[in-house]
Amino acid sequence: MSESEHIYDITVIGGGPVGMFTAFYAGMRQLDTLVVESLPELGGQVGTLYPEKIIRDVAGFAGIKGAQLVTSLHQQMNVFPDFAPTVATNEEVTAIEKNDDLFTLTTTKGQYQSRSVVVAIGGGSFAPRKLALDYDETLENKRIFYFVKNVADFAGKTVAIAGGGDSAIDWALTLEGIAKKVYLIHRRDQFRGLESSVQRLHQGSIELMTPYLIDNVTDGDTFNLDLKKVKGDEHLDLPVDALLVNYGFTADNRALRNWGLPLEHRLLKVDENMETGIPGIYGIGDCVTYPGKVKLIAAGFGEAPTAINEIAVKLYPERRQPLHSTQLEH
Ligand SMILES: Cc1cc2nc3c(=O)[nH]c(=O)nc-3n(C[C@H](O)[C@H](O)[C@H](O)COP(=O)(O)OP(=O)(O)OC[C@H]3O[C@@H](n4cnc5c(N)ncnc54)[C@H](O)[C@@H]3O)c2cc1C
């Protein structure tokens, strides 16, 4: 059966922490589940914005790094191999259409059919803040990078990293031992990062290019960055193999408005079963509102079983409806 003919029980839109836990829970309830995530990696705000932060308010963990929480959610999603969700990344859902009891989801790559939908898009679709320059977009993923998919892509190369926050510093320190040479370009002399990381920056081999802005990029025999001194006219030509830009992310939840779902203060209004005004479409996590809603990971984790158990009863009323997690046979 081709992917466009396959009918999923549940499609979770958004692979943030709440979408990931929802996909695990749906698998545990033996529902055929798809997760669609617009970014190249699952993890949402936690994985993208604060992988290094120690989170203190997720039940069962006195403290867990954001990145570790995402890794654990990945493991949990795959704990029942027969019911592990199908995951589609780098793919944004742009439209949801209902025909009788079936939903068609249109994405930036194709279409999926599903018997129910769980919207878990958090603050919305993330996109990296790009270089504010006119440049040839075909250079993206060849010379100019906004994500690191595999650190090995930078092995032995001369890499410039642009940005002054935690993410730029982390990548500079990570690539220091892998790349041939690392430059870190920032428009200020001060970096905004963990004190210990900033200290390592100053002690290692990373060349700090401050206070400079990237004024232009050109690609020919060599890939060159034209750096301009902030509050000055001085220009500097920096030939590199790759430029990794870390200017942060923007989030856009305008998709919600296009999907015709009932909203309140630009958030998805849900009832006590986490169902939106449209039967079969549920909402959980940061993108929803109801009396008493708090935008926390723990709250989103609690909303997932409410939605999934409700969906399971509706799709498979004949099945026994267990309340507790299943013992794994090893
Ligand atoms: C700096 C910071 C620190 C925080 N610290 C804490 C903390 O200590 N404890 C805590 O509980 N909470 C904390 N939070 C809040 C917490 O991160 C959120 O409550 C949580 O991420 C919500 O999870 P979510 O899955 O609902 O949404 P998100 O994490 O926003 O994930 C939504 C996902 O959906 C994807 N998406 C959006 N639109 C589409 C689309 N159309 N198609 C496909 N995919 C789409 C997005 O790319 C994203 O990956 C913090 C937030 C920030 C910004």
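Values below: every heavy atom of this structure, side chains too, minus hydrogens, waters and symmetry copies.
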Report yes if the side chains of V118 and I13 come closer than 4.5 Å at any heavy-atom pair, otherwise no.
-> no
For residues D9 and Y316, is any side-chain donor paired with an opposing acceptor at under 3.5 Å?
-> yes
Taking the side chain from Y146 and the backbone from L131, do they hold a donor-acceptor pair closer than 3.5 Å?
-> yes
Just wondering, more than 12 heavy atoms not from D101 lying within 6.0 Å of its CG?
-> no
Do the non-hydrogen side-chain atoms of L34 and I10 ever get within less than 4.5 Å of each other?
-> no
Heavy-atom donor-acceptor pair, N253 side chain to L256 backbone, under 3.5 Å | no
Given side chains that start at C-beta, do those of K293 and L267 come closer than 4.5 Å, heavy atoms only?
-> no
Ring center gap for F103 and Y112 short of 6.0 angstrom | no
Whether F145 and F154 hold their rings parallel, tilted or perpendicular, with breakpoints at 30° and 60° | perpendicular
Short question: side chain of E176, backbone of S205 - any donor-acceptor pair under 3.5 Å?
-> yes
Would you confirm whether K98, through its side chain, and T104, through its main-chain N or O, come within 3.5 Å as a donor-acceptor pair?
-> no
Has the side chain of T33 got a donor or acceptor atom that lies under 3.5 Å from a matching backbone atom of L31?
-> yes
Side chain to side chain contact (heavy atoms under 4.5 Å, CB included) between E97 and L105: does it pass, once the steps are laid out?
-> CA-CA 6 Å; E97 221 179 287; L105 288 94; over 6 Å; no
Should the heavy atoms of other residues, nucleotides or ligands under 6.0 Å from CD of E310 be counted, would the total exceed 12?
-> yes
Does a sphere of radius 6.0 Å around CZ in R115 hold more than 12 heavy atoms from other residues, nucleotides or ligands, not counting ones at 6.0 Å or beyond?
-> yes
Are any non-hydrogen side-chain atoms of F126 and S38 less than 4.5 angstrom apart?
-> no
Counting only N and O atoms by type, is there a donor-acceptor contact under 3.5 Å from the side chain of E275 to the main-chain atoms of G280?
-> yes
side-chain hydrogen bond (donor to acceptor under 3.5 Å, both in side chains) between Y25 and Q76, intermediate numbers included = CA-CA 9 Å; Y25 199 92; Q76 194 175 26; over 6 Å; no
Do the side chains of L173 and L201 get nearer than 4.5 Å, heavy atoms only?
-> yes
Verify, without hydrogens or angle tests, whether R319 (side chain) and R29 (backbone) share a donor-acceptor contact under 3.5 angstrom.
-> yes
Return yes if some donor-acceptor pair links the side-chain N/O of T108 with the main-chain N/O of E92 below 3.5 Å, else return no.
-> yes
Test item: R56 side-chain N/O and A62 main-chain N/O as donor-acceptor pair under 3.5 Å | yes
Treating Ile, Leu, Val, Met, Phe, Trp and Tyr as nodes and any side-chain heavy-atom pair under 4.5 angstrom as an edge, say whether I308 and I278 lie in one connected cluster.
-> yes
Cluster check L244, F147: I/L/V/M/F/W/Y, side chain < 4.5 angstrom = no
Over 12 foreign heavy atoms within 6.0 Å of NZ, K130 = yes
Given the rule in the side-chain hydrogen bond (donor to acceptor under 3.5 Å, both in side chains) test, do Y135 and E140 qualify, once you have shown the distances and angles that lead to the verdict?
-> CA-CA 9 Å; Y135 65 84; E140 287 185 13; 2.5 Å; yes
May I have all residue pairs that pass side-chain hydrogen bond (donor to acceptor under 3.5 Å, both in side chains) and include part of residues 225-252, sequence neighbours excluded?
-> S167-N246, Y212-E234, N224-D237, D226-H235, D252-R254
Would the number of heavy atoms belonging to other residues, nucleotides or ligands and lying under 6.0 Å from CG of D134 be above 12?
-> no
Begin with the C-alpha distance, continue with both residues' side-chain angles, and end with the deciding distance and a verdict on side chain to side chain contact (heavy atoms under 4.5 Å, CB included) for I281 and S116.
-> CA-CA 6 Å; I281 304 188; S116 66; over 6 Å; no
Polar side-chain atom of D136 near backbone of T138 as donor-acceptor pair, under 3.5 Å | yes
Does CD belonging to Q203 count more than 12 external heavy atoms closer than 6.0 Å?
-> yes
